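Read through the structure below, which is laid out as structure tokens, and then see the notes.
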Amino acid sequence: MIDKNRIPAVGVLLITTPRFKDLGQGTPGGVYRERKEREAKRVVDALAAFSAPVFPGVVYTRDDLAAAMRAFDEAGVDMVFACFLSWSDDFAWIRFLRDMRPLPVLFASIVRDSLGFEDSMNEDRFVEFLSAGALVGMLEASGSATRFARPMMERTIGSLSEVAARCADFAKAAKARTALRASTFGLLPSMNEVMWSTYVDVYDLFMKAGPETRFLSVPALEKEIAGLPEGAVARATEAILAAYEADATVDRAKMEASVAASLGLEALCRKAGVDVLVLNDIEPVLMRSLGLRPGFTPCPGTSDVTVVPEGDIGGALAVYISKLIAGKSVFFAEPFHIDREKGVFAAGHAGPNDYTDPEGKTIISRDERFARTDYKHAGAPFAWHTVSPGEKTMVHVSQCAGRFKLVCAAVDALPCPHHLAGYSHGLFRPRKDMTAFFQELMDIGVTQHYAIVAGDHRRALADFAKIMDFDFRQL
């Protein structure tokens, strides 16, 4: 299982020419090399605000480049930030383009906020004029970048603060790529036989998105539930009841059965090395064997296992990608209906969902959808959550014709009472005409499942889709 909360590791490739290295002896600004070192420090400090920079020093020579690439490989960087600090011979750059292992690269050019000289009429100002020539280096390098056409490369120009902000989004996307390639999905017990549109080829999942898939069984889950440590269920139940309001429908014995099933799910995942569990929570064998569907994941004090319902691997990808990029709890939802009078649509989902967002509202309540069935623990309580108000990003992932598609949109969540029994839910307003919003989704061709996460993460998601070669649409 991987550390999903680490900050991105960014290799910093700053290139300049050895021809100017010793110019400027005795000048107020120092020799060229010293000026570049000061400039490099400003760049690295800006990147350190959101990442763990790996900076082996300014690259002047082929040997410097070889050392830098070794350092990047040894550190396992998620991406490389590449920038010319002035004009430079291009022998280092073209070798980087040819020899660096495939990984995301942000090729950047930094525009000074202040030029630092008015003319080049003395040696100090002449050296500063040479030092300020990053535009020459970028333009020269851009042609080689296009010739090599490395995948996963983006380009940007702007002030240091603008370029750093651009890199922050790109780094989140690059880290998500690394994390996906190290992650494992578990499928329990199967995809959903009544929702074929959500099916994903698990070989493609590994080859094109990253995670491998492990197939888990109901008997293995039952074994984990039976083997839970003495007192674990009671402690977790008490922790949940201490943290959240419970309504009058809650049956304590049935709640403990649901908590036990939730703890068992997480224990099974940890034993199998699974980071994301794709749970077909309404599969008949599962329901008959457990007598309920688990309703309390993540369990108290845990965040290492992500559980997504209805056997939807694409939906699980959307949730996991959103979690990796945003670093926040993610809500799994399907749009239910449009309320024309209020100008909103309601969305949510039954079954397990992340109820831990402190800005939202959670009540422990009966699972009304199965309350009148003959399952052993019919109506067992679950964490009934409503989404907090504010800006959200809505993310969809599915597969079509062998390619993954990622669709995202910014929406606003409105204050929402608990009014849809048995379903965690929220009220949302898109930033365009409601009918046009759903017409566009209809025309793209999606499924009903979406991840919803606080904040605007569309830029990072666009970067992620390009890095991963996913089809991408932003509404």
Side-chain angles (χ1 to χ4, degrees), residues 184-200 202 205 213-228 232-233 236-237 251 253-299 302 305-317 319-320 332-334 348-355 365-384 422-424 447-449:
T184 301
F185 279 27
L187 183 61
L188 176 63
S190 63
M191 289 184 275
N192 196 325
E193 65 180 11
V194 299
M195 297 178 187
W196 283 39
S197 68
T198 65
Y199 284 11
V200 164
V202 295
L205 179 71
T213 303
R214 293 181 185 162
F215 300 91
L216 307 178
S217 69
V218 174
L221 174 57
E222 291 179 297
K223 183 177 178 180
E224 291 300 325
I225 295 170
L228 289 171
V233 174
T237 302
D251 179 305
K254 291 183 178 182
M255 180 174 176
E256 289 191 354
S258 183
V259 170
S262 302
L263 289 168
L265 278 179
E266 292 189 352
L268 177 62
C269 289
R270 293 185 190 104
K271 184 171 288 187
V274 165
D275 302 284
V276 180
L277 179 64
V278 185
L279 178 68
N280 187 351
D281 56 312
I282 57 173
E283 197 273 335
V285 173
L286 178 77
M287 293 292 293
R288 286 291 172 197
S289 299
L290 302 188
L292 52 73
R293 57 180 172 188
F296 294 100
T297 56
C299 296
T302 71
V305 177
T306 299
V307 179
V308 176
E310 286 200 341
D312 183 357
I313 294 174
L317 261 181
V319 168
Y320 195 48
F332 182 83
E334 59 190 26
H349 214 277
N353 219 322
D354 191 339
Y355 58 94
S365 187
R366 181 169 60 189
D367 186 346
E368 294 292 349
R369 182 172 175 184
F370 292 104
R372 293 169 182 81
T373 65
D374 62 354
Y375 293 126
K376 180 179 179 181
H377 303 294
F382 78 115
W384 188 25
Y423 293 81
S424 292
T447 73
Q448 72 272 35
H449 291 151

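The shown structure was predicted, so the numbers you read here are calculated from the model rather than taken from an experiment. These numbers come from the heavy atoms of this one structure, side chains and all, not from hydrogens, waters or symmetry mates.
In this structure, the side chains of L265 and L221 come closer than 4.5 Å at one or more pairs of heavy atoms. With contacts defined as side-chain heavy-atom distances shorter than 4.5 Å, the pair L317/L205 qualifies. When side chains are defined from C-beta on, E224 does not count as touching L216, because their heavy atoms never get closer than 4.5 Å. Side-chain contact between P352 and P294: absent, with no pair of heavy atoms (C-beta onward) separated by less than 4.5 Å. Counting heavy atoms from C-beta on, the side chains of F185 and R214 never come closer than 4.5 Å. Put simply, the side chain of K254 does not reach to within 4.5 Å of the side chain of R366, judged on heavy atoms. Residues F382 and R293 form no side-chain contact, since every pair of their non-hydrogen atoms from C-beta on lies 4.5 Å or further apart. Side-chain contact between L290 and I225: present, with at least one pair of heavy atoms (C-beta onward) separated by less than 4.5 Å.
Of the inter-residue distances, the one linking M255 atom CE with D367 atom CG reads 13.5 Å to the nearest 0.5 angstrom. From K271, atom NZ reaches atom CG of L268 across 8.0 Å, with rounding to the nearest 0.5 Å. A distance of 11.0 Å separates OH of Y423 from CD of E368, quoted to the nearest 0.5 Å. With values rounded to the nearest 0.5 angstrom, M195 atom CE is found 9.5 Å from T447 atom OG1.
With Y355 contributing its side chain and P298 its backbone, the two residues share a donor-acceptor pair below 3.5 Å. With hydrogens and angles ignored, the 3.5 Å screen pairs a side-chain donor or acceptor of S258 with a backbone N or O of G295. The backbone N or O of E310 sits less than 3.5 Å from a side-chain atom of D281, completing a donor-acceptor pair. For the pair Y199 (side chain) and N192 (backbone), a donor-acceptor distance under 3.5 Å is present.
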**OP:** Check the pair L286, L279 against side chain to side chain contact (heavy atoms under 4.5 Å, CB included), reporting the backbone distance first and the verdict last.
**Re:** CA-CA 10 Å; L286 178 77; L279 178 68; 4.0 Å; yes
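The aromatic rings of H449 and F332 sit tilted, their planes meeting at an angle between 30° and 60°.
With no hydrogens or angles considered, no side-chain donor-acceptor pair links E283 and S190 at under 3.5 Å.
A side-chain contact (heavy atoms from CB on, under 4.5 Å) with L277 holds for exactly one of V307, V308, L187; it is V307.
In terms of heavy-atom proximity, S424 sits nearest to N353 at CB-ND2, 4.4 Å.
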